[in-house]
Amino acid sequence: QVQLVESGGGLVQPGGSLRLSCATSGGTFSDQIMGWFRQAPGKEREFVAGIDRRGGSTLYADFVKGRFTISRDNAKNTVYLQMNFLEPEDTAVYYCASKFGTYLKRREADYGSWGQGTQVTVSS
């Protein structure tokens with residue numbers, strides 16, 4: 001069973017940066033496509049970014065606008081989300097998720113394993 005643990009969330013001022021990490025265990029990391037999702041208060045969980053098994057292909061939500069970068073280190077079984085130029089609208093709980101298979105997906109239902117989430121708050 002795949003287990004995912006996020007870290008790196010916190011309080012940051014508008015325009016600031018954070019790097020989220022997601023450490024995995026219980027599966028072969030390099031077989032897993034990884035994604036980041038987020039859920040803001042009162043809203044549904046939404047796709048943020050995804051990365052394929054080798055890190056050669058990425059997918060982003062439109063609202064990222066080039067501000068976020070997803071990456072992975074298969075030697076460390078970890079996926080990252082570098083977030084720059086953060087805005088108050090980015091405030092949410094951020095979740096790491098994984099799926100097996102070949103193709104990057106945006107749909108929450110395509111991901112079989114989830115972390116507990118890490119809170120990101122963007123406020124002055």
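The structure displayed is predicted, hence computed values, not measured ones.
The side-chain hydrogen bond (donor to acceptor under 3.5 Å, both in side chains) check on Ser17 picks up Asn84, with sequence neighbours excluded. Scored by the side-chain contact (heavy atoms from CB on, under 4.5 Å) test, Ala40 finds Lys43, Ala92 as partners (sequence neighbours excluded). Listed by chain and number, the residues in a side-chain contact (heavy atoms from CB on, under 4.5 Å) with Thr118 are Glu6, Leu20, Tyr94 (sequence neighbours excluded). The side-chain hydrogen bond (donor to acceptor under 3.5 Å, both in side chains) test applied to Ser21 returns no partner, not counting sequence neighbours. Taking Gln119 as the reference, Thr121 meet the side-chain hydrogen bond (donor to acceptor under 3.5 Å, both in side chains) condition, with sequence neighbours excluded.
Here the shortest heavy-atom pairing between Arg72 and Ser30 reads NH2-CA, 4.1 Å. Among all heavy-atom pairs drawn from Pro14 and Ser124, the shortest one is CD-N, 3.7 Å. Here the closest heavy-atom approach between residue Thr58 and residue Ile51 is recorded as CG2-CG1, 3.9 Å. Of all the heavy atoms in Val2 and Ser113, the pair that sits closest is CB-OG, 3.6 Å.
Met34 has its side chain within reach of Thr24: a pair of non-hydrogen atoms, C-beta onward, lies under 4.5 Å apart. Ser123 is listed as a side-chain neighbour of Leu11, based on a closest heavy-atom distance under 4.5 Å.
Under the ring-ring contact (aromatic ring centres under 6.0 Å, His included) criterion, the residue pairs touching residues 18-42 are Phe37-Phe47, Phe37-Tyr111, Phe37-Trp114, with sequence neighbours excluded. Within the structure, the salt bridge (Lys or Arg N to Asp or Glu O under 4.0 Å) test picks out the following pairs touching residues 26-41 (sequence neighbours left out): Arg38-Glu46, Arg38-Asp90. Counting only residues at least two apart or on different chains, no salt bridge (Lys or Arg N to Asp or Glu O under 4.0 Å) pair has a member in residues 53-64. Among residue pairs with one or both ends in residues 50-80, none qualify as ring-ring contact (aromatic ring centres under 6.0 Å, His included); sequence neighbours excluded. Sorted by first and then second residue, the disulfide bond (SG atoms under 2.5 Å apart) pairs involving residues 4-117 (not counting sequence neighbours) are Cys22-Cys96. Within the structure, the salt bridge (Lys or Arg N to Asp or Glu O under 4.0 Å) test picks out the following pairs touching residues 102-124 (sequence neighbours left out): Arg45-Glu108, Arg107-Asp110.
We find the OG1-CZ distance between Thr69 and Arg19 to be 11.5 Å, quoted to the nearest 0.5 Å. With rounding to the nearest 0.5 angstrom, the CG atom of Leu4 is 9.5 Å from the CD atom of Gln116.
The cluster map of Ile, Leu, Val, Met, Phe, Trp and Tyr, joined by side-chain heavy atoms under 4.5 Å apart, puts Leu81 and Val12 in the same cluster. Connection of Val93 to Leu86 is not established within any shared hydrophobic cluster, with ILVMFWY side chains joined at heavy-atom distances below 4.5 Å, either directly or through further cluster members. Placement of Tyr95 and Ile33 within a single hydrophobic cluster is found when ILVMFWY residues are connected by side-chain heavy-atom separations under 4.5 Å, directly or transitively.
Tyr103 forms part of no hydrophobic cluster, judged by ILVMFWY side-chain heavy-atom separations under 4.5 Å.
The backbone N or O of Ser57 sits less than 3.5 Å from a side-chain atom of Asp52, completing a donor-acceptor pair.
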